[in-house]
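The structure under discussion appears below in the form of structure tokens.
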Amino acid sequence: MEEGTGVNTGLPNLGDKSKVLDVKPLRFLVPRFPDASNGPPFFFAPPNGPFPSGFSPFSPFSGPQGSPSTPDLNQNEFCSTAVPIRSFRAEPPDSNGQNVPKQKSSGSSSVQKKAKKRKVFEFAFTALDNFNPGISASERDDGNRELVENVLWRFDALRRKLSQMEDATEPHSGIIKRSVLKASNVMMSKGVRTNAIKRIGVVPGVEIGDIFFFRLELCLVGLHAQSMAGIDPMPMKGDLEGERVAVSIVSSGGYDDDVEDPDVLVYTGHGGNASGDKEASDQKLVRGNLALERSLHRANEVRVIRGFQDSTHQTSKVYVYDGLYKVQESWTEKGKSGCNMFKYKLVRIPGQKGAFATWKMINKWKEGLSPRDGLILPDLTSAAESVPVSLVNEVDDEKGPAHFTYLSTVKYSKSFKLLQPSFGCSCHDACQAGNLNCSCFKKNGGDLPYTAYGILVCRKPMIYECGSSCPCLRNCKNRVTQTGFKVHFEVFKTRDRGWGLRSWDPIRAGTFICEYAGEVIDNIDAKQDGGDDESNEYAFHTDRVYESFKWNYEPELVGEESSNTNEDYDIPSPLIISSKNSGNVARFMNHSCSPNVFWQPIMYERNNEVLLHIAFFAKRHIPPMTELTYDYGIPRSDEKGSNNAEYGKKKCLCGSAKCRELTVYRKLETIYGDVFRRLAGDDVELLEKCQNAWCFT
DNA sequence: GATTAGTCAGTGAT
DNA sequence: CATCACTGACTAAT
């Protein structure tokens, strides 16, 4: 193995943690991008293309905003009743505009007690009636991995956008925000979903360990069809009418049914809860409860989704798909209220990849109840960050990367200052979403680029955050990337790609991961940097050729023109950041051709300098302990080292004699993904091996 | 169309 | 200022 490069210098002096580690992030794999002509499979079909059979246009929204008019038969423009989103803003309270959807006459509501009837935020837009979901009828019935990912990102992108629109309403106006429901309503009715046919056992495209943040995401990919109920029943062919088995259950922790063994779940039946004026009662053997009882006798596989509190967002939940279980026994027992409750013991079918068990283990590490195997350092940043970063090697005896200085942000030498006319807004306290006067928002096109949770709404050519000359405080929502990362990282030794980065926490799509820290150099310096090409491997170049991808919402779904979501980078002048001598966790992120992280240029001012930063965000939901990767991009011809063999030669796992010169490598998975999955079948190990293999193309 | 459910987000009390 | 119980609004499937 070459990648160790013999740097096994033993344990560094742990007393001085500014000098730890010097293992290179492996940057030898240069991706080749697929031909533009056969680009990503799920981009939008022509707007007036034929509908897939079985697809019927629908009335977009159930609310009064829905267009009552007949669909536009021209089919190539927006609905005539469509209102651009931007036309709707929260009106000042004294306005008597009739199309203001909320009830806010401050005078009467403060006097009248019962007048605080709350309203749901209504979106003043109409989606295209003839929107083509790009998903055929058969794909809607039976999915695969690509479809599942496609549906999930499109849902989340829309949800983020709606969330941003809702956030822009006045705070304390009593308006309920329902972006999740609205987004899923649009997705469902537009046919942007998959695995819509109920089934027992594996759901194609959903993998054990996948995480979700809303129950409706489970519905959209066919994992669990009930939006609220915990048990999903399905009629059996040839069965007596009304007889159903359970195909999936969601355990939300609401019934206090925790068991120590992660492979066992004791699940409480539904019903019997006290609510409102209803008293608690005995549970009845009906619906879901009956279905679970039948699943016990028929011994069918039951999918289990485990839900619990999200540690990063206390108010919301995370759901983990934990694979297939079987009902082993059932009984009744008296609950706290003294009423009978049904209990079902489910046991995990052996041989499946760990999911929930991993979560339980991580919790124990966090609480100090059990040690992390292979832990070398509990915090390689020496408390430079607000969250510790663990250093772990469970693979071999290398004691860590060699020396580098930990640096939490990007460092410009004087000559690289980017000077721009005065920045800064005049908001006090914190910039409020929806404030039309905030000049920082104006630079971002009029919106706060993040949701209230600090999630990136859209990729943009450039994002402007508030800086040190803005009077707003540090908790201003427009300072997401300058306040440090929030997830617990682990720098770990990979089996075959040197050191890598992953997280102990689940990460939502759009979450700020970290900045690329290091020293800004220019291309001349990089070229004159002597004979060895080391610095290349630690350099982040903004001007490489990056594979384009779509991450933002579909404007057609909110009645906007598609020009509103430009996702191309716009960097005033090329930037090279070297993390060779100093950097943060970003220097350990490896390359992937199907990455789960992307970068976004950010600008903000500090000490009268307006500087460009590179911030990484989660491309999709990322389960704990999943390696974080981004696209390293292809060097342009004038980049140092780009025309020699270094990138390709350094390491290819295919071991082929053809590995030389400008050979480029891709993960086999990106080429043969589905074929692998079919061939590997139940053999999880084989599949993983295939997915992790690299080859030249 | 009525019913059902282990939702989800905002509010006000500790 | 967290956390928690409460409650209103709304969903997908049946």
Side-chain angles (χ1 to χ4, degrees), chain A residues 58 61-64 101-103 109 113-123 155 159 162-163 166-167 169-189 191 193 196-198 212-235 241-244 246-258 265-278 283-284 286-292 304-311 313-319 335 341-344 451-453 475:
Chain A
F58 75 119
F61 299 110
S62 47
K102 47 188 194 169
Q103 241 80 52
S109 70
K113 254 180 155 177
K114 219 39 201 167
K116 63 181 234 173
K117 175 102 175 149
R118 291 184 296 174
K119 276 207 91 162
V120 168
F121 180 84
E122 290 183 42
F123 294 93
F155 165 76
R159 205 209 89 247
L162 300 184
S163 214
E166 289 177 337
D167 288 347
T169 58
E170 286 175 72
H172 309 114
S173 57
I175 289 188
I176 301 175
K177 299 173 178 175
R178 292 275 100 132
S179 55
V180 177
L181 300 184
K182 188 59 81 181
S184 76
N185 186 325
V186 172
M187 301 288 285
M188 288 284 186
S189 48
R193 58 182 302 181
I197 286 184
K198 234 181 236 197
F212 305 87
F213 291 84
F214 299 95
R215 287 289 300 266
L216 288 161
E217 290 180 321
L218 307 178
C219 299
L220 286 167
V221 299
L223 193 58
H224 184 85
Q226 304 292 326
S227 61
M228 299 174 89
I231 306 168
D232 194 10
M234 184 182 91
E241 206 180 327
E243 303 233 336
R244 298 148 192 281
V247 293
S248 60
I249 58 175
V250 180
S251 147
S252 307
Y255 278 112
D256 193 24
D257 35 34
D258 202 24
L265 172 65
V266 173
Y267 192 81
T268 307
H270 62 75
N273 287 323
S275 73
D277 47 356
K278 263 201 299 198
Q283 292 186 340
K284 298 189 183 70
V286 294
R287 295 167 182 280
N289 298 348
L290 183 58
L292 270 177
V304 167
I305 298 105
R306 309 254 197 171
F308 30 90
Q309 291 299 314
D310 183 352
S311 54
H313 303 295
Q314 281 300 330
T315 54
S316 58
K317 278 193 171 150
V318 203
Y319 300 92
M341 302 177 114
F342 289 98
K343 292 281 180 178
Y344 301 90
T451 70
Y453 274 179
N475 64 354

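Throughout, a chain's letter reflects where its sequence line sits, starting with A, and its residues are numbered from 1.
- By the ring pair (Phe, Tyr, Trp, His ring centres under 6.0 Å) test, A/F214 is found to be paired with no residue, residues two or more places apart in sequence or in another chain being considered.
- When the P atom of C/dA13 is taken as reference, atom CG of A/L218 falls 12 Å away, rounded to whole Å.
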Check nucleotides 1-3 of chain B against the protein and report each pair of N or O atoms closer than 3.5 Å, with its distance, or say if there are none.
none

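- Listed by chain and residue number, A/R118, A/V120, A/R178 satisfy the side-chain contact (heavy atoms from CB on, under 4.5 Å) test with A/I176 (two or more places apart in sequence, or in another chain).
- Checked against salt bridge (charged side-chain N to carboxylate O under 4.0 Å, His left out), A/R215 has no partners two or more places apart in sequence or in another chain.
- Partners of A/D310 according to the salt bridge (charged side-chain N to carboxylate O under 4.0 Å, His left out) rule, which considers only residues two or more places apart in sequence or in another chain, do not exist here.
- Taking atom CE on A/M188 and atom C1' on C/dC10, their separation rounds to 14 Å, with Å as the unit.
- Atom P of nucleotide C/dA13 and atom NE2 of A/H224 are separated by 11 Å, given to the nearest angstrom.
- A/S179 is linked by a side-chain contact (heavy atoms from CB on, under 4.5 Å) to A/R159, A/L162, A/S163, A/E166, counting only residues two or more places apart in sequence or in another chain.
- The aromatic rings of A/Y344 and A/F342 sit parallel, their planes meeting at an angle under 30°, below the 60° perpendicular limit.
- Residues forming a side-chain contact (heavy atoms from CB on, under 4.5 Å) with A/S248 (at least two apart in sequence, or on another chain): A/H224, A/D232, A/R303, A/I305.
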Set out, line by line, the N/O atom pairs under 3.5 Å between protein and nucleotides 7-9 of chain B.
residue: B/dC8; atom: OP1; partner: A/R215; partner atom: N; Å: 2.9
residue: B/dC8; atom: OP2; partner: A/Y319; partner atom: OH; Å: 2.9
residue: B/dC8; atom: O2; partner: A/R178; partner atom: NH1; Å: 3.1
residue: B/dC8; atom: O2; partner: A/R178; partner atom: NH2; Å: 2.6
residue: B/dA9; atom: O4'; partner: A/R178; partner atom: NH2; Å: 2.7

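- The list of salt bridge (charged side-chain N to carboxylate O under 4.0 Å, His left out) pairs with a residue in residues 220-229 of chain A, not counting sequence neighbours, is empty.
- Rounded to a whole Å, the CG atom of A/L223 is 14 Å from the P atom of C/dA13.
- In DNA chain B, consecutive stretches of 3 or more Watson-Crick or G-U wobble pairs with both distances under 3.5 Å are given as paired ranges: B:2-5 with C:11-14, B:7-14 with C:2-9.
- Atom CZ in A/F123 sits roughly 12 Å away from atom P in C/dC10 (whole-Å rounding).
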